[in-house]
Number of protein chains: 2
Amino acid sequence: MAEAMPRTRVGKRPTVRQVAERAGVSHQTVSRFLRGDPGMKPATIERLREAVDALGYRVDQTARSLRTGRSGVLTAMLPSPVTAFPTPVLAAAAEVAHDHGYFMEVAVVAGGSRERAERAAELLESGRSEGVLFLGDLPDGGVPSSRDRGAFVLFGDFDDQLRGVGQLADASPVAEAIAHLAGLGHRRFLHLAGPQQWASARARRAVFLETIERLGPDYPGLTSAGVVPGTWSADSGYDGVAQLPADVDFTAVIAANDLVAMGAVRALGERGLSVPGDVSIVGWDDQEMGRYSTPSLSTVVVDREAQGRVAMQRLVALVRGEKAADSGAQINRLVWRESAGAAPARGR
Amino acid sequence: MAEAMPRTRVGKRPTVRQVAERAGVSHQTVSRFLRGDPGMKPATIERLREAVDALGYRVDQTARSLRTGRSGVLTAMLPSPVTAFPTPVLAAAAEVAHDHGYFMEVAVVAGGSRERAERAAELLESGRSEGVLFLGDLPDGGVPSSRDRGAFVLFGDFDDQLRGVGQLADASPVAEAIAHLAGLGHRRFLHLAGPQQWASARARRAVFLETIERLGPDYPGLTSAGVVPGTWSADSGYDGVAQLPADVDFTAVIAANDLVAMGAVRALGERGLSVPGDVSIVGWDDQEMGRYSTPSLSTVVVDREAQGRVAMQRLVALVRGEKAADSGAQINRLVWRESAGAAPARGR
DNA sequence: CTGTTAGCGCTTTCAT
DNA sequence: ATGAAAGCGCTAACAG
């Protein structure tokens, strides 16, 4: 029962030497062939191609890595208590990695940012990975900057939705939304903020406050009705509104994301406030469901592919010791749907 | 400018020999220590622990893999044109892998099932991974059963939502939903089916038809108003209903998932039909937004953690040549919310 | 343009 | 309970 299985390696894979023998060359020449060495006699190449095919030979990546000291692997690291992750981000990143000759693996790490930093160090120092891309909230105590073994770490300046954080401008759609709504007559804005350990949540909150301040002179009466702390969940949006004191007055809500917005819409309804009749609301993410809900949600469309691409380009550049090209791609775009409209007539 | 970076290995990592020297033992003994060999003198152990700590030594996984022939890596493979993937599934799988001493990597592969099968073979045969877990729709032409190099492949009998497919019973909530709704007076059921290359979509469709048939005798007049082919998207649900001929008569809809359900709700509304006043509808997935939408969606709650766990347990068992324990966990649970209710009074 | 010689860092016999 | 020798499959150097 507990007899250890023999673990018989059924069909040992062929090695360079076997290929060499079959092609009538030295194993070294095979190696050259495998790496696509430019200067080789066409005849030799042909014989080698034949031998490789016939034997079904594949390079042993482990052996190659041992010798070269490079694993050819880059890691995207996800925090685990995130319910869903947009695969377009990952797919785009993987594609970029692939184009540069790397294999991208994803590590899903449960626990806090400490655990992730730890795992990253482990991956790097054990030689499994050459670089780590931190997705999600930032590791608290910074990032292990272990440069040993040629390993690099791209500091996690990409956020949950992979919002770039370097440029605070990335939360600019919040400013845009406020300006637009102010133009429609709205004056009192509420912000349902996301979890502040996430850089994107912080950015949105900051832009919210700053914009209200900045636009004040242009729109007399423009004020913040408050910033309600919360999470990324629909519950949070619902509770945030439901637990608001009765005298809080507002006609526009900037929600941390679409889920929060959806929760808020329901809570508003239960308070007898209709959207967009009494209150306008804007989310973030362009979740598919929000396009068909009633009301459909005004939101910020995020270019997930671009996020993944940009992030991975930076990591690849870093690992190679090059300088990352600063692609100024426009990643976020505000779209207006049913959940936002003109401010209600004055006087309640 | 274009000067190739020297790629100086800044701080070459210490090896077993350095540790051995410092601890005054042979490199061999270090190896034993690393693998936790039981029979060792406590004093030696202590000296080794000290040396390892002091030098900041970490095992070189690449070298170890080369020698042992086992990479210690298992791969979860995701198809790429899937907008979002529930991380709980991945997290649970990763945890199980970890508990068994494996590292789980995720590979996001763009393209069709052919590309994924190809990539799997590559991973296995190159020795990077010891086993692959196919998530998402099934590779068309079966799976590469390469047993070389001790590699195994868990055939992808897990679906998009990781619905186990072996037991068709897994779509049983559909049967349950129909029975419940029939009890509430519904007689004409419409099915908005998911993409049929996904096993779970096929299963739901099959159970739908089979249940209507089976329950016919108990509920006179019970019939299918049709099965509308579609995808997993909200668009699909919307179009499916919007393009229905005017004379199609039904009071209950079984949707492929929540997105489809949400799209359908809107299309119904535009046809002048209210949910659940005129039509009841049930989705699948328990998407967070559906809990707060108006109407909130009746749906099937899926235990994502259980799915990930079960899947990985099977893979680990397979790789080790053991037999997988058939955990009969209850994974799906129907919940009733606002979108479903009694059938409207007869006679339209 | 191709072959020979070493050796990456570790673990696995086999001694002692 | 520990040490010595050998080699996993590959590529980097240096010859030829």
Side-chain angles (χ1 to χ4, degrees), chain A residues 4 6-7 9 11-21 23-48 51-52 55-72 101 125-128 130 148-150, chain B residues 4 6-9 11-21 23-48 51-52 55-72 125-128 130 148-150:
Chain A
R7 283 212 138 287
R9 290 241 208 130
K12 268 198 161 215
R13 306 214 47 79
T15 77
V16 265
R17 291 170 206 275
Q18 323 225 20
V19 177
E21 188 175 7
V25 296
S26 84
H27 63 130
Q28 178 44 239
T29 303
V30 179
S31 175
R32 286 202 187 84
F33 169 72
L34 294 173
R35 262 171 314 111
D37 190 306
M40 290 184 71
K41 258 205 329 235
T44 316
I45 295 187
E46 197 35 61
R47 285 215 310 284
L48 281 167
V52 166
L55 270 51
Y57 170 85
R58 296 234 195 194
V59 172
D60 184 319
Q61 287 296 343
T62 310
R64 173 178 277 180
S65 294
L66 178 61
R67 185 61 239 241
T68 61
R70 318 196 315 100
S71 64
E125 292 176 5
S126 73
R128 258 214 229 289
E130 294 183 49
D148 310 314
R149 191 154 196 161
Chain B
R7 280 212 138 287
T8 3
R9 290 244 209 127
K12 268 201 161 214
R13 307 217 43 83
T15 77
V16 264
R17 289 166 209 277
Q18 324 225 21
V19 177
E21 188 176 7
V25 296
S26 84
H27 65 132
Q28 175 42 239
T29 304
V30 179
S31 176
R32 286 204 187 81
F33 168 72
L34 294 174
R35 259 173 316 111
D37 190 306
M40 291 182 71
K41 262 212 317 244
T44 317
I45 293 187
E46 196 37 59
R47 285 216 308 286
L48 280 169
V52 166
L55 270 51
Y57 171 84
R58 296 231 196 196
V59 172
D60 184 319
Q61 287 297 342
T62 310
R64 174 178 277 181
S65 294
L66 178 61
R67 185 61 236 238
T68 60
R70 318 195 315 99
S71 63
E125 293 175 6
S126 73
R128 257 215 232 287
E130 293 183 50
D148 310 312
R149 191 154 195 163

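Each chain gets a letter, A, B and so on, in the order its sequence line appears, and its residues count up from 1.
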Protein-nucleotide distance ([X], atom [atom1]; [N], atom [atom2]), rounded to Å:
{"X": "R128(B)", "N": "dC10(D)", "atom1": "CZ", "atom2": "P", "answer": "14 Å"}
{"X": "R17(B)", "N": "dT2(D)", "atom1": "CZ", "atom2": "P", "answer": "19 Å"}
{"X": "Q18(A)", "N": "dG9(D)", "atom1": "CD", "atom2": "C1'", "answer": "11 Å"}
{"X": "L48(A)", "N": "dC10(D)", "atom1": "CG", "atom2": "C1'", "answer": "15 Å"}

**Message:** Heavy-atom nearest nucleotide on DNA chain D for T44(B) versus A63(B): which residue maps closer to 5'?
**Reply:** T44(B)
Indicate whether OP1 or OP2 belonging to [N] is found under 4.0 Å from a side-chain N or O atom of [X].
{"X": "S31(B)", "N": "dC10(C)", "value": "no"}
{"X": "S26(A)", "N": "dT4(C)", "value": "no"}
{"X": "R58(A)", "N": "dG9(D)", "value": "no"}

Nearest to the side chain of [X], heavy atoms from C-beta on, is which of [options]?
{"X": "H27(A)", "options": "dG7(C), dT4(C), dT11(C)", "answer": "dT4(C)"}
{"X": "V59(B)", "options": "dC10(C), dG9(D), dA5(D)", "answer": "dC10(C)"}
{"X": "L66(B)", "options": "dA4(D), dC8(D), dC10(C)", "answer": "dC8(D)"}
{"X": "Q28(B)", "options": "dA6(C), dC10(C), dT13(C)", "answer": "dT13(C)"}
{"X": "T68(A)", "options": "dT12(C), dA12(D), dA1(D)", "answer": "dA12(D)"}
{"X": "T15(B)", "options": "dG9(D), dC1(C), dG9(C)", "answer": "dG9(C)"}
{"X": "R32(B)", "options": "dC14(C), dT11(D), dC10(C)", "answer": "dC14(C)"}

**Request:** Quick one: closest heavy-atom pair of R70(B) and S65(B), and the distance?
**Result:** O-OG, 3.4 Å
**Item:** Stepwise side chain to side chain contact (heavy atoms under 4.5 Å, CB included) test for E130(B) and S71(B)
**Value:** CA-CA 7 Å; E130(B) 293 183 50; S71(B) 63; 3.6 Å; yes
**Request:** Mark yes when over 12 heavy atoms from residues, nucleotides or ligands other than Q28(A) sit less than 6.0 Å from its CD; otherwise mark no.
**Result:** yes
**Item:** Spacing of CG belonging to L55(A) relative to OG1 belonging to T15(A), to within rounding of 0.5 Å
**Value:** 9.0 Å
**Message:** Rounded at 0.5 Å granularity, tell me how far CD in E46(A) sits from CZ in F33(A).
**Reply:** 8.5 Å
